[in-house]
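Just so we're on the same page: letters track the sequence lines, and every chain starts at 1.
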2 protein chains.
Amino acid sequence: MNLSFDIEDFLRDFENSCNKVQKKSFEKNQVITSYIQKRNQFCILISGNADLVRYDLNGNRTIIDHFTKNDVFGEVFYDVTTNNELLVEAKSTCEVLIYSYQNIHYKCKQNCKFHQRLTECLPELILDKVTSLNMRVELLTKRSTRDKLLGYFNLLSTRTLSKTFKLPFSLTDLADYLSVDRSAMMRELKLLKEENFIKKDGKTITLLYK
Amino acid sequence: MNLSFDIEDFLRDFENSCNKVQKKSFEKNQVITSYIQKRNQFCILISGNADLVRYDLNGNRTIIDHFTKNDVFGEVFYDVTTNNELLVEAKSTCEVLIYSYQNIHYKCKQNCKFHQRLTECLPELILDKVTSLNMRVELLTKRSTRDKLLGYFNLLSTRTLSKTFKLPFSLTDLADYLSVDRSAMMRELKLLKEENFIKKDGKTITLLYK
DNA sequence: AAAGTTTTGTTGCTTTTGCAACAGAAAATC
DNA sequence: GATTTTCTGTTGCAAAAGCAACAAAACTTT
């Protein structure tokens, strides 16, 4: 997906880099960061996967976003004016580059190699983010659980160039991601199987239409 | 919202600018552009407002995004691999800067003033986009029509720093935007009025809680 | 390998949402 | 300023989604 961005280059540059950047490791279920206004933190996920979750006043948990390798996150991307808490939670062991910036233009006084590369790659990294958000919006605007599921499956199928693919998260999390009730989603999956739209073996899905 | 980006500066630079940029006007309901892979078009809305809409195979129309002054759009932001048609439709008379780029890094051979400024402002413009998309996702992940409405009203209230504000689009379009059935939304609005959560006079809403 | 925990699969019942249809209000067009 | 079109407000009914609860399977942890 990221043609010219290479996280390995990034890391190499990082080694002898500026003091504004830290590399940290997190265990599963640890909180990587929380979105707080003026904290000015910008993160790149080097390995593992993590979720951006919101806990609302009633304690309901919503997966707002799901991050994998190369994804960028931090409160720059967010209008942190809601009352709700936004946390990034590690779903597996994660390595993260955490960068504290003074201003949104990401200019480093020392003009170190890391920052040069960051400045170069940033538009691209952010564009990837916009693309994935747009896709997410497109899924979420679908009206029925069935359409959301099929939309998502199509997407995975297009990405993997195959009618058979593995879901990148648990069915419980998929329901959260598509913003539907889990049992309703399971019911719909069952119907899709019965109506021969899909074949399902655990988290492996095969599309049977067209 | 855009502190350092100023569309007027942009336009001034544009006047004696490069041949890759065009300024065009569109009447209400005209199609400004459609998202086609490899078209490599990037647009900035100078005035008016427009919607990004999807027509699916059944002819259902969904408002994927709503653009106002300073908003950027184009298929760069989109993974144009779906079968569905994506169109940007003018909702009022619109002026648009249309920029054809060769590569995603937006470098202009002549290095004209327009491009210099574009390169400077692009991260900021795109970040605004990410912020608004994240907000949209947050609204769409809310499970009930009521929560979507209240979430959206809170947002408008926070933006205008007032408990009273005017909806920026018609109720019909609002339903499309929140991805709910219009009549269900009207019903919910009625209940919110009856339960004294809100006061409503046409498109002017007043929040009565907290 | 046993115990504990999380995920999956299922179902009856309730609530919410969506659909269809219509009338009046408002806006746009002629 | 009359006519057509779009938008708003409403409702009965049908369909879909959500809730609650439980058992079985899969996975962690001890």
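- Each of B:R187 and A:S179 has a nearest nucleotide on DNA chain D; the 5'-most of these lies closest to B:R187.
- Distance, A:M185 CE to C:dT11 C1': 16 Å, rounded to whole Å.
- Looking at A:R146, its side chain never comes within 3.5 Å of a backbone N or O of A:M185 through a donor-acceptor pair.
- Atom CE of A:M186 and atom P of D:dC19 are 16 Å apart (whole Å).
- Across all strands, A:K200 comes closer than 4.0 Å only to sugar-phosphate atoms, never to a base (heavy-atom distances).
- Using a 4.0 Å heavy-atom distance criterion, B:S183 is classed as a base contact.
- Using a 4.0 Å heavy-atom distance criterion, A:S144 is classed as a sugar-phosphate-only contact.
- The ring of B:H66 has its center no closer than 6.0 angstrom to the ring center of B:Y177.
- At whole-Å resolution of the value, NZ in A:K91 and P in C:dT7 are 7 Å apart.
- Residue B:K190 has a polar side-chain atom (N or O) positioned under 4.0 Å from OP1 or OP2 of D:dT11.
- Taking atom CZ of residue A:R182 and atom C1' of nucleotide D:dG18, one finds them 12 Å apart after rounding to whole Å.
- Whole-Å rounding puts the B:N29 CG to C:dA28 P distance at 11 Å.
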